[in-house]
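Okay, so here's the structure we're looking at.
Proteins get letters first, then strands, A, B, ... in listed order; numbering begins at 1 in each. It should be emphasised that the depicted structure is a prediction, and the values quoted were computed from it without experimental measurement.
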2 protein chains.
Amino acid sequence: MTIYDISKKAGVSIATVSRVLNGSSNVKPRTRKKVLDIIEQCGYKPNAFARGLGLNSMKTVGILCADASDLYLAKAIYYIEQNLRENGYNSVLCCTGYEIPSRKKCLNLLLSQHVDSVIMVGSNFIMNNAEDNKYVIEGAASVPIMLLNADFDCPNVYCTLCDDYKATQDATECMLDAGIKNILYLYNSTTYSGLKKLAGFQNALLTHDIPLRKEYQQCFPGSREDIDGVRDFVDKLYKEGLKFDGIVTSEDFLAIGAMNFAKANKIDVPGKLQIVGYNNSILAHCSEPNISSIDNRLEDMCIQLVKTLIGTLNQNEMPQKTIFSGELIKRGSTNF
Amino acid sequence: MTIYDISKKAGVSIATVSRVLNGSSNVKPRTRKKVLDIIEQCGYKPNAFARGLGLNSMKTVGILCADASDLYLAKAIYYIEQNLRENGYNSVLCCTGYEIPSRKKCLNLLLSQHVDSVIMVGSNFIMNNAEDNKYVIEGAASVPIMLLNADFDCPNVYCTLCDDYKATQDATECMLDAGIKNILYLYNSTTYSGLKKLAGFQNALLTHDIPLRKEYQQCFPGSREDIDGVRDFVDKLYKEGLKFDGIVTSEDFLAIGAMNFAKANKIDVPGKLQIVGYNNSILAHCSEPNISSIDNRLEDMCIQLVKTLIGTLNQNEMPQKTIFSGELIKRGSTNF
DNA sequence: ATGAAAGCGCTAACAA
DNA sequence: TTGTTAGCGCTTTCAT
């Protein structure tokens, strides 16, 4: 069933059918109705390939993300896909893993599929090293590239992010103000966003005239799945004599690991130890007491990202950078 | 840069370039090399739309899932996407939500995009009601449909699932054999798979000559995000006087909620209460002690599903149904 | 082993 | 308001 069949049955030309299909105003209402009826009757659906070939667009955007099974990234994908579909765009998903060559390959794959844009979900797409970011610039030469949670200055690259620096600083200051003296900062990534969080932590201490101590900034080397590993990691620090009465983390899974460490050692939370997570994910609800966690307004970011994207595709001038501020959601793992 | 440009530069016809591109054997090695060199040199990539138009396939499969942010579904999507890409297929994702009309709409959207196949991820795509399953049959008329974790008899529909019935039965029997008398079964869905699990639980009791008591089979009405709600739900049952020393659940979030209930009431796990989860997700690691959970071999299922799909698309005869068996992963929340 | 040419189904410029 | 027609870039059949 093609546009030719419909035109024949309706006794009009294919151009008219095409006009009806595309909602052109230059069609007599009666003709429109006749065509529409036939289309309905035949259950005709235009061929997306042919349309794509003509318009050089299939109304599709590529979503690149390291790992769609990651709690945080999965939520982002969910929000983004829904918003895109509401705007008439389909989503082609590519899970790249964390290696650069594989990312380049995925990006090229998407570009060769002629997606209208590429969304990179997660701060891990931007490195601290110009060489490794070249693929983004190259990609932006073909289509607009949208970054979620990353910051990168380049024409045709649009960033939507949360001020992780300030959010972490605020949370740390809350803790300091509550009288916590020895705060352990637990993190697991040195992406752009990861470093921002760390800097926020450091700045909070400096603002309070507290010297930075290296042993109070610990990078957990394991994976996000390895909560037991986090527990053991903190346990080891504790057994080695590190004294801490507060833990600020860069992700909820670290906070849960810390919580399990406390439980295993019968350390009262929040009485003797206060814990703050990041992302406000479901993990923050997995312990008793629940974990205070920084919400970085993922849904708002995703909505905004899609809005910016659609604007860009419609040739509107859109802001290159949109920054949200995070917010500490206070729960039972803290006293303040 | 099109096939014409390449053919001109190489001094051959477009047909020859096309042959080279598609690995046809009928090309003289020297010609092939010449063309390949030019292609390489120009960084030429064939236009996917044009190819799609000619072949009526863009090597793309649609993935339908209710909610890509659900822990379990997200993992499935991750595995499936990777396997598909390794086989040269792209994935178009559609998150449908849990309502039937929206599912139909998404399915039609994918079909109108001429995907080569549709994968439905999650047991919730098949209802206990023929009328509501009609859209699957209709879809199967156009392309092969792959179901993950659901069972549906229909030509051109292929199922890959886990024997949830047996897995739940086995876990329940383990508990009974360990001397647990009053087992509460906590579930949250009445999909095909949900009912199978429930039946497995019931059958275990019957096998041990224990009468079924309605109040020991409780359906949590809230969402998967609402772990606090689960805790309160169990707490209410407890406060109302229900006595139980074991809880078998249909999903890990229910188990975590039960665990938090125990913690809040200072009930020793596994001393006074034993808990079993389902899915063996990260949530099973979120409490201290960790939660024993049934692993339904999601990755194996996804790999098999893609294998079956690729076989089908290559016109091989493939089994309509593949069933895996689950396995209880024993951790600290149980004594057996 | 290679080339010419006919589609694939649609959009859009141009003509009427 | 409607129709005619030339592409879009590729695959494939049929000649050679």
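Asn314(A) is linked by a side chain to side chain contact (heavy atoms under 4.5 Å, CB included) to Ile310(A), Asn316(A), counting only residues two or more places apart in sequence or in another chain. In this structure, the side chain to side chain contact (heavy atoms under 4.5 Å, CB included) partners of Ser18(A), at least two apart in sequence or on a different chain, are Ile3(A), Asn22(A). Residues passing the salt bridge (charged side-chain N to carboxylate O under 4.0 Å, His left out) test with Lys45(A): none are found, sequence neighbours excluded. Annotation: salt bridge (charged side-chain N to carboxylate O under 4.0 Å, His left out) contacts of Asp300(A) (sequence neighbours excluded): Arg297(A).
Along DNA chain C, read 5' to 3', the first and last nucleotides having any atom under 4.0 Å from a heavy atom of chain A are dG9(C) to dA13(C). Where DNA chain D meets chain B (any atom under 4.0 Å from a heavy atom), the bounding nucleotides read 5' to 3' are dG9(D) to dT13(D).
Remark: the backbone N or O of Cys159(A) is not paired with any side-chain donor or acceptor of Gln320(A) at under 3.5 angstrom.
For DNA chain D, the neighbouring residues in residues 31-56 of chain A, judged by any heavy atom under 4.0 Å, are Thr31(A), Leu53(A), Gly54(A). For DNA chain C, the neighbouring residues in residues 2-12 of chain B, judged by any heavy atom under 4.0 Å, are Gly11(B), Val12(B).
The minimum heavy-atom distance between Ala150(A) and Ser123(A), with the atom names listed, is CB-CA, 4.1 Å. Looking at every heavy atom in both residues, Glu81(A) comes nearest to Ser91(A) through CG-OG, 3.5 Å. The heavy-atom pair separating Val121(A) from Ala76(A) by the smallest distance is CG1-CB, 3.6 Å. Smallest separation of non-hydrogen atoms from Lys321(A) and Leu161(A): CG-CD2, 4.1 Å. For the residue pair Arg224(B) and Asp70(B), the shortest heavy atom distance occurs at CD-OD1, 2.7 Å. Taking both residues in full, the closest heavy atoms of Met301(B) and Thr160(B) are given as O-CG2, 3.5 Å, listed atom of the first, atom of the second, then distance.
A ring-ring contact (aromatic ring centres under 6.0 Å, His included) check over residues 53-78 of chain B, counting only residues at least two apart or in different chains, returns nothing. Within the structure, every pair that satisfies the ring-ring contact (aromatic ring centres under 6.0 Å, His included) test and touches residues 87-115 of chain B, not counting sequence neighbours, is listed here: Phe49(A)-His114(B).
Look at Lys9(A) and Asp5(A) and you find no salt bridge, because none of the NZ, NE, NH1 or NH2 atoms lies under 4.0 Å from a carboxylate O.
For the helix from dA1(C)-dT16(D) to dA16(C)-dT1(D), the angle separating the two terminal helix axes comes to 40°, with each axis derived from five pairs and the value rounded to 10°.
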Tell me which donor-acceptor pairs under 3.5 Å the side chains of residues 133-144 of chain A have, and how far apart each pair is, sequence neighbours excluded?
from, atom 1, to, atom 2, distance (Å)
Asn133(A), OD1, Met127(A), N, 2.8
Asn133(A), ND2, Met127(A), O, 2.9
Tyr135(A), OH, Phe125(A), O, 2.9

